[in-house]
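Note that these values count all heavy atoms, side chains included, but never hydrogens, waters or copies made by symmetry. Just so you know, ligand 1 is whichever comes first in the structure, and atom 1 is the first atom listed for that ligand.
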Amino acid sequence: MTKFPRIETERLILSELKEEDLPLVTQYLQDKVFSELTSNIPYPYRKEDAEFWFKISREAFDKRKGFTFAIRDKNEQMIGAIGLHDEGSDKAEMGYWLAKPFWNKGYVTEAAKSVVDFGFKELGFNKIYATYFPHNPASGKIMQKIGMEEEAILKQHLKKDGKYYDIPMYSVFRDQD
Ligand SMILES: CC(C)(COP(=O)(O)OP(=O)(O)OC[C@H]1O[C@@H](n2cnc3c(N)ncnc32)[C@H](O)[C@@H]1OP(=O)(O)O)[C@@H](O)C(=O)NCCC(=O)NCCS
């Protein structure tokens with residue numbers, strides 16, 4: 001793969017992050033809910049945080065270890081992001097976020113289905129997994145809707161604001177069906 005991939009779904013385009021997306025990302029991630037529901041989005045979210053995320057995403061793709069797609073509408077406006085991160089042994093972790101005005105329209109389910117398919121067919125992964133905080137049931141629902149199954153509850157796996165959380169882990173396998 002020489003260029004960053006581009007995937008089209010019924011309502012979405014998944015493509016490379018672009019410098020022009022930086023202001024929107026910074027604006028979207030101002031909402032504290034993103035830090036509450038994820039392990040890696042800081043609050044407050046500054047322009048520098050977005051710049052750092054763009055940089056590490058670019059570097060990961062240069063090594064073909066990370067594939068972070070902007071989720072865009074058909075006018076190419078960025079509305080969120082979804083990524084696969086190579087964790088060795090042909091397995092990848094998937095992560096995603098969507099700007100709040102676009103929640104509950106099935107967009108991340110649509111994006112995640114196509115990214116999992118791409119991960120198996122084009123990137124050669126054997127296993128794709130994802131985790132979520134118990135207070136984020138919408139994310140767990142996405143995992144179920146794209147055919148993942150609960151594999152484990154990782155006990156006291158993440159600490160947030162001084163509290164340890166048991167974290168459900170869901171996975172799907174290339175040759176599952
Ligand atoms: C989680 C998140 C990605 C969901 O994206 P989305 O595009 O709104 O998700 P979808 O619309 O594809 O699917 C969400 C599903 O959860 C359901 N849902 C929403 N809120 C829910 C709740 N409180 N309890 C149970 N189910 C809920 C929706 O009804 C929908 O299911 P349905 O299609 O069967 O009706 C988005 O809310 C987000 O970006 N949150 C902050 C960042 C984050 O949590 N990232 C994931 C970290 S693991």
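Salt bridge Lys18/Asp21: absent, no basic N to carboxylate O contact under 4.0 Å. Salt-bridge check for Lys63 with Asp86: failed, with every basic side-chain N at 4.0 Å or more from each acidic carboxylate O. Looking at Lys113 and Glu10, no side-chain N of the basic residue comes within less than 4.0 Å of a carboxylate O on the acidic one, giving no salt bridge. Classification of Glu8 and Arg6 as a salt-bridged pair holds, one side-chain N sitting under 4.0 Å from a carboxylate O. No salt bridge links Lys55 with Glu51; every basic N to acidic carboxylate O contact stays at or beyond 4.0 Å.
Considering both main-chain and side-chain atoms, Trp97 never comes within under 3.5 Å of ligand 1 through any nitrogen or oxygen pair. Polar contact check, Met143 against ligand 1: no nitrogen or oxygen pair lies under 3.5 Å apart. Considering both main-chain and side-chain atoms, Tyr96 comes within under 3.5 Å of ligand 1 through a nitrogen or oxygen pair. Ligand 1 has no N or O atom lying under 3.5 Å from any N or O atom of Tyr132, backbone or side chain. When only interatomic distances are considered, the shortest N/O to N/O separation between Ile142 and ligand 1 does not fall below 3.5 Å.
Interface of Lys105 with ligand 1, defined as ligand atoms under 4.0 Å from a residue heavy atom, comprises 11 (O). Residue Thr131 has at least one heavy-atom neighbour below 4.0 Å for each of these atoms of ligand 1: 48 (S). Of all atoms in ligand 1, listed by their number and element, those nearer than 4.0 Å to a heavy atom of Ser139 are 46 (C), 48 (S).
Using a 4.0 Å cut-off between heavy atoms, Leu98 contacts ligand 1 through both its backbone and its side chain. Under 4.0 Å from ligand 1, heavy atoms of Thr109 appear from its side chain as well as its backbone. Within the 4.0 Å heavy-atom criterion, the part of Thr38 lying near ligand 1 is the side chain and not the backbone.
Separating the OH atom in Tyr129 from the CG atom in Leu84 is a distance of 11.0 Å, to the nearest 0.5 Å. Taking CG of Leu12 as the start and CZ of Phe102 as the end, the distance is 10.5 Å to the nearest 0.5 Å.
Heavy-atom separations between Ile41 and ligand 1 are all 4.0 Å or longer. Within the structure, ligand 1 has Lys145 among the residues with a heavy atom less than 4.0 angstrom away.
The aromatic rings of Phe125 and Phe67 sit perpendicular to each other, their planes meeting at more than 60°, with 30° as the lower class boundary.
Residue Ile71 forms a side-chain contact (heavy atoms from CB on, under 4.5 Å) with just one option from Ile13, Ile7, Val115, Leu14, and that option is Leu14.
The 12-atom threshold is exceeded at NZ of Lys74, counting heavy atoms of other residues, nucleotides or ligands nearer than 6.0 Å.
Residue, atom and distance of the protein heavy atom nearest to atom 40 (N) of ligand 1 are Trp103 CZ2, 3.3 Å. Of the protein's heavy atoms, Ala138 CB, 4.0 Å lies nearest to atom 21 (C) of ligand 1. In this structure, the protein non-hydrogen atom closest to atom 44 (O) of ligand 1 is Asn136 ND2, 2.6 Å. In terms of protein heavy atoms, atom 11 (O) of ligand 1 is closest to Gly106 N, 2.8 Å. Among protein heavy atoms, the minimum distance from atom 34 (O) of ligand 1 is reached at Lys141 NZ, 3.0 Å. Among protein heavy atoms, atom 24 (N) of ligand 1 sits closest to Pro137 CG, 3.3 Å.
When Val108, Ile82, Asn40 are ranked by how near their heavy atoms come to atom 7 (O) of ligand 1, first place goes to Val108. Looking at Ile79, Asn104, Ile167, Leu29 and measuring to atom 29 (O) of ligand 1, the nearest heavy atom belongs to Asn104. Of all the listed residues (Phe34, Phe102, Tyr28), Phe34 holds the heavy atom that lies closest to atom 41 (C) of ligand 1.
For the pair Phe133/Ser139, no side-chain contact is recorded, criterion being any heavy-atom separation below 4.5 Å from C-beta on.
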Stepwise, does the ring pair (Phe, Tyr, Trp, His ring centres under 6.0 Å) test hold for Phe61 with Phe4?
CA-CA 8 Å; Phe61 177 68; Phe4 194 93; 4.8 Å; yes
Test Trp103 against Val33 for side chain to side chain contact (heavy atoms under 4.5 Å, CB included), laying out the working first.
CA-CA 12 Å; Trp103 285 12; Val33 73; 4.0 Å; yes
